Participant: 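One structure coming up, written as C-alpha cells, with questions to follow.
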Amino acid sequence: MYSWIWQRIPFKQWQLKALVSGVLVLGVGALLWYQVFPAVEPILPFDDVQVETNDPGADITVESPGPSTAPSKPPAATSVPTGTKPPAVLPS
C-alpha cells in the first residue's frame, strides 16, 4: 500500500515526495483527531467504569479523613556522590 502511494505521488525528486507524504500523514492524523475520534467517543466504554460486588458489607460507607494540618516528615537523607550538590527540597 505504501509503495502504491509513493509511486502515485507526481514528483520525481524524493524530497518532494517525502514532503507530500508528510502532508498526507498530517492530514489523515488531523482528520482522525478532529472528526473520527470525537464522533466515535460517545459509543466507546472508557467512561463506563463500575465496580460491582456481592459483599453484604459493601453498603457501609467510610469517610476518609480530611487533609492533615500537621507538617509532614522531612525526606530521608540519601547519599550523594561527592562533587555534586544534593537536590533542592521545596517546602510543601
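Worth saying up front: this structure is predicted, and the values here are computed from it rather than measured.
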Participant: With a 4.5 Å cut-off on side-chain heavy-atom distances among I, L, V, M, F, W and Y, is there a chain of contacts connecting Trp33 to Val36?
Facilitator: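 Trp33 clusters together with Val36.
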Participant: Group every Ile, Leu, Val, Met, Phe, Trp and Tyr by side-chain heavy-atom contacts under 4.5 Å, then state whether Leu24 and Met1 land in the same group.
Facilitator: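 Yes.
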Participant: Taking Trp6's backbone N and O only, do any of them form a donor-acceptor pair with Lys17's side chain (distance below 3.5 Å, no angle check)?
Facilitator: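 Yes: the side chain of Lys17 pairs with the backbone of Trp6.
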Participant: Step by step, would you call Ser21 with Ile9 a side chain to side chain contact (heavy atoms under 4.5 Å, CB included)?
Facilitator: CA-CA 8 Å; Ser21 297; Ile9 295 176; 3.4 Å; yes
Participant: Taking only residues two or more places apart in sequence or in another chain, which ones pass side-chain contact (heavy atoms from CB on, under 4.5 Å) with Leu16?
Facilitator: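 Applying side-chain contact (heavy atoms from CB on, under 4.5 Å) to Leu16 gives Phe11, Gln13.
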Participant: Among residues at least two apart in sequence or on other chains, which ones pass side-chain contact (heavy atoms from CB on, under 4.5 Å) with Leu31?
Facilitator: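 With sequence neighbours excluded, Leu31 shows a side-chain contact (heavy atoms from CB on, under 4.5 Å) to Gln35, given in chain and number order.
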Participant: Check the hydrophobic clustering (I, L, V, M, F, W, Y; side-chain heavy atoms under 4.5 Å; chains of links allowed) and say if Val28 and Leu26 are grouped together.
Facilitator: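 The answer is no; the residues belong to distinct hydrophobic clusters.
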Participant: Quick one: side-chain contact (heavy atoms from CB on, under 4.5 Å) partners of Leu44, sequence neighbours excluded?
Facilitator: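 Partners of Leu44 under the side-chain contact (heavy atoms from CB on, under 4.5 Å) test: Val40, Phe46.
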